[in-house]
Q: 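This is the structure I want to talk about, given as structure tokens.
Hydrogens, waters and symmetry mates play no part in the numbers below; they use all other heavy atoms, side chains included. Just so you know, residue 1 is the first one in the sequence shown, and it goes up from there.
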Amino acid sequence: MRSSEHVHEFVHGRVLEVDLHGRLTRRDFQEFVPETEKLIARYGKIRLVVMLHNFEGWDLGAMWEEIKWEAKHFNHVERIVILGDERWHQTMATLCRPFTTAAIRYFHLGELEEAYTWVDS
């Protein structure tokens, strides 16, 4: 497990669970990227479970880091689960689709078991 102020990571084989809360900064994102790079180097393609707890979004630095990461790893993510509890979290899942070849699904935070069943299938 790795952790920064707004990001907690848990690795389960080729599945990376990322728990985001608060407002992401460039520094938070730069701490997240090395773990994804290691997993991609090891497995070629990975799967992400992104949990949003009291998530407020990104600052401009973090948004730029995410855009760069997504451009570099457009084809390296097979599935993305976004778990949240606010309407804009669900909208975020839809907005991510043009930036990846991954299958993306949104689940409510209370549907963790269903989300892991889908990401592992």
Q: In the structure I gave you, are the side-chain heavy atoms of Leu24 and Phe29 within less than 4.5 Å of one another anywhere?
A: yes

Q: Can you check whether Glu37 reaches Lys72 side chain to side chain, under 4.5 Å on heavy atoms?
A: yes

Q: Restricting to non-hydrogen atoms, name the atom on Glu56 and the atom on Arg23 that form the minimum distance, rounded to 0.1 Å.
A: O-NH2, 3.4 Å

Q: Thr100 and Ile80: which non-hydrogen atoms are nearest, and at how many Å?
A: CG2-CD1, 4.2 Å

Q: If only atom types and distance count, is the side chain of Glu31 paired as donor or acceptor with the main-chain N or O of Asp28 below 3.5 Å?
A: no

Q: Hey, could you give me the CG/CG distance between Leu109 and Leu52, rounded to the nearest 0.5 Å?
A: 7.5 Å

Q: Looking only at heavy atoms, which two atoms of Gln30 and Pro34 are closest? And how far apart?
A: O-CD, 2.9 Å

Q: Evaluate the side-chain proximity of Val11 to Leu39: yes if any heavy-atom separation is below 4.5 Å, no if none is.
A: yes

Q: Would Lys38 and Arg42 count as a side-chain contact (heavy atoms from CB on, under 4.5 Å) here? Give the steps.
A: CA-CA 6 Å; Lys38 286 183 209 170; Arg42 181 173 182 185; over 6 Å; no

Q: Quick one, Leu16 and Val49 - any side-chain contact, counting heavy atoms below 4.5 Å?
A: no

Q: Would Val18 and Leu112 show up in the same hydrophobic cluster when neighbours are defined by side-chain heavy atoms closer than 4.5 Å?
A: no

Q: With a 3.5 Å distance limit and no angle check, can you tell me whether Tyr106 reaches the backbone of Gly84 through a side-chain donor-acceptor pair?
A: yes

Q: With a 4.5 Å cut-off on side-chain heavy atoms, are Arg105 and Ile82 touching?
A: no

Q: Are any non-hydrogen side-chain atoms of Leu20 and Met51 less than 4.5 angstrom apart?
A: no

Q: Evaluate whether atom CG of Asp120 has more than 12 neighbouring non-hydrogen atoms of other residues, nucleotides or ligands under 6.0 angstrom away.
A: yes

Q: Roughly how far, to the nearest 0.5 Å, is CD of Glu65 from CG of Asp59?
A: 10.0 Å

Q: So do the side chains of His76 and Tyr43 get within less than 4.5 Å of each other, counting heavy atoms only?
A: no

Q: Could you list all the ring-ring contact (aromatic ring centres under 6.0 Å, His included) pairs where at least one residue sits in residues 53-72, not counting sequence neighbours?
A: Phe55-Trp58, Phe55-Trp88, Trp69-His73

Q: Would you call Arg47-Glu78 a salt bridge at under 4.0 Å N-O?
A: yes

Q: Which value, rounded to the nearest 0.5 Å, describes the distance between Glu111 atom CD and Thr117 atom OG1?
A: 11.0 Å

Q: Which atom names give the shortest non-hydrogen contact between Phe107 and Val81, and what distance separates them?
A: CD1-CG1, 3.8 Å

Q: Of all residues at least two apart in sequence or in a different chain, which pass the side chain to side chain contact (heavy atoms under 4.5 Å, CB included) check with Thr101?
A: Phe74, Asn75

Q: Flag the pair Leu48 / Val15 as yes when at least one side-chain heavy-atom distance between them is below 4.5 Å, and no otherwise.
A: no

